[in-house]
Colleague: 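Encoded as structure tokens, here's the structure I'll be asking about.
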2 protein chains.
Amino acid sequence: MSPVLNLAFAALSDPTRREIVQQLAKGAARVTDLAQPFDMSFNAVSKHVKVLERAGLVRRTRAGREHHIALDPEPIRRIAGWASRYERFWSDRLDKLEAFLKANRKRD
Amino acid sequence: MSPVLNLAFAALSDPTRREIVQQLAKGAARVTDLAQPFDMSFNAVSKHVKVLERAGLVRRTRAGREHHIALDPEPIRRIAGWASRYERFWSDRLDKLEAFLKANRKRD
DNA sequence: CATATATTCAACCTGTGGGTTGAATATAGC
DNA sequence: GCTATATTCAACCCACAGGTTGAATATATG
């Protein structure tokens, strides 16, 4: 039972939250900025950010009335580490994984 | 919106299901075998297997009254691919990822 | 100070998740 | 054929997830 993985996997199971993570990969942003592309209420996005925060996927720094949200890649790293355990099921050599990773940098 | 990732992440957010996956990494098994280590009803485990199946993480082949459950690593591969997009956040070179993966083969 | 902006908090609704129990179904073995 | 085994199906419960709206809070700005 790994609470980190439980929360990280659960947080990333929602496509809206994965889009937010993707957004944050380009740099930190305010909640308003993150909410802007979505066709849902600001409050809904605010909740999503809170879920990501609770899972440790993002960090929040307050600057006046604005909250700066930044990606913390550690849980994703943990997920990559977890997934790597099954890497032998799709190839025996890490350079094959490397090739796969390279080919999949853009897609969702 | 990637249904594959939605379902795979959601399925793997449950520690029981991750344990089942881990169990299946050692080879295919019957539902009864999978249920045996857990302190919950057989039916609960049967449900978990169904969730994994729906997510494409396992495949089922019927042999008489026994159902053989086998790991299908493709969705995990997809997750590894997704996570790899953020690899630049923790290192710039894939050989660093490789080292990390090697060091984390055993843990949960 | 008054108002606009950025954000959370709280209450609510509906759907789904994980668990239970009890029954149904199908195959195996004596 | 009868009984035991392997499994799903169905109904139910409770907790949580994702969304809404309305209000509260805090900071900027004219």
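Order of the sequence lines fixes the chain letters, A, B, ..., with proteins taken first and strands second; residue numbering starts at 1 for each chain.
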Colleague: Return the nearest nucleotide to the side chain of B/His48; candidates are D/dT8, C/dA28, C/dG18.
Modeller: C/dG18
Colleague: Measure CZ/B/Arg54 against P/D/dC9 and give the value in whole Å, please.
Modeller: 14 Å
Colleague: Under the criterion side-chain contact (heavy atoms from CB on, under 4.5 Å), which of A/Arg18, A/Arg59, A/Arg17 is the partner of A/Leu52?
Modeller: A/Arg17
Colleague: Please state how far atom CD1 in B/Ile69 lies from atom P in D/dA6, giving the value in whole angstrom units.
Modeller: 14 Å
Colleague: Report which part of the nucleic acid A/Lys50 touches: base, sugar-phosphate, or nothing (heavy-atom distance under 4.0 Å, all strands).
Modeller: sugar-phosphate
Colleague: If you find the nucleotide of DNA chain C closest to A/Glu53 and the one closest to B/Val45, which residue's nucleotide is nearer the 5' end?
Modeller: A/Glu53
Colleague: Using atom CG of B/Leu34 as one end and atom P of D/dT8 as the other, report the distance to the nearest whole Å.
Modeller: 11 Å
Colleague: Indicate, yes or no, whether a donor-acceptor pair under 3.5 Å links the base of D/dG19 to the side chain of A/Lys47.
Modeller: yes
Colleague: Identify the heavy atoms of B/His68 and B/Ala28 that sit nearest to each other, and give their distance.
Modeller: CD2-CB, 4.3 Å
Colleague: State which of D/dA6, C/dG19, C/dT20 makes the closest approach to the side chain of B/Glu66.
Modeller: D/dA6
Colleague: Take B/Ile76 and A/Trp82 through the test side chain to side chain contact (heavy atoms under 4.5 Å, CB included) and record every step on the way to the result.
Modeller: CA-CA 9 Å; B/Ile76 299 182; A/Trp82 181 88; 4.0 Å; yes
Colleague: Compare the minimum distances between each of D/dA6, C/dT7, D/dT7 and the side chain of B/His67, then state the nucleotide with the smallest one.
Modeller: D/dT7
Colleague: Rounding to a whole Å, what distance do you find between A/Asp14:CG and D/dC16:P?
Modeller: 18 Å
Colleague: Looking only at the side chain of A/Ser41 (C-beta and beyond, no hydrogens), which of the listed nucleotides D/dT21, D/dT8, D/dG18 gets closest?
Modeller: D/dT21
Colleague: Any idea which of D/dG19, C/dG18, C/dT5 is nearest the A/Met40 side chain?
Modeller: D/dG19
Colleague: Check every strand shown and say whether B/Asn43 touches a base, only sugar-phosphate, or nothing at a heavy-atom separation below 4.0 Å.
Modeller: base
Colleague: When you measure from the side chain of B/Arg65, which nucleotide among D/dT27, C/dA28, D/dA11 comes out closest?
Modeller: C/dA28
Colleague: Just the rounded figure in Å: distance from P of D/dA6 to CZ of B/Phe42.
Modeller: 8 Å
Colleague: Is there a side-chain contact between B/Arg62 and the phosphate of C/dA26, meaning an N or O under 4.0 Å from OP1 or OP2?
Modeller: no
Colleague: Over all strands shown, is B/Arg30 touching base, sugar-phosphate only, or nothing at heavy-atom distances under 4.0 angstrom?
Modeller: sugar-phosphate
Colleague: Are the side chains of A/Gln22 and B/Tyr86 in contact, using a 4.5 Å heavy-atom criterion?
Modeller: yes
Colleague: Looking only at heavy atoms, what is the nearest atom pair of B/Pro75 and B/Ala55, with distance?
Modeller: CG-O, 3.8 Å
Colleague: Can you identify which nucleotide, out of C/dC9, D/dA6, C/dG18, has its nearest atom closest to the B/Thr32 side chain?
Modeller: D/dA6
Colleague: In this structure, how many angstroms lie between the C1' atom of C/dG18 and the CZ atom of B/Phe38, rounded?
Modeller: 14 Å
Colleague: B/Val31 side chain: which of C/dA11, D/dT7, C/dT7 is closest?
Modeller: D/dT7
Colleague: Just the rounded figure in Å: distance from P of C/dA6 to CG of A/Asp33.
Modeller: 9 Å
Colleague: Is there a side-chain contact between B/Phe9 and A/Ile79, using heavy atoms and a 4.5 Å cut-off?
Modeller: yes
Colleague: How many whole angstroms separate atom CG of A/Asn6 from atom C1' of D/dC16?
Modeller: 14 Å
Colleague: Phosphate oxygens OP1/OP2 of C/dT8: is one of them under 4.0 Å from a side-chain N or O of A/Ser46?
Modeller: yes
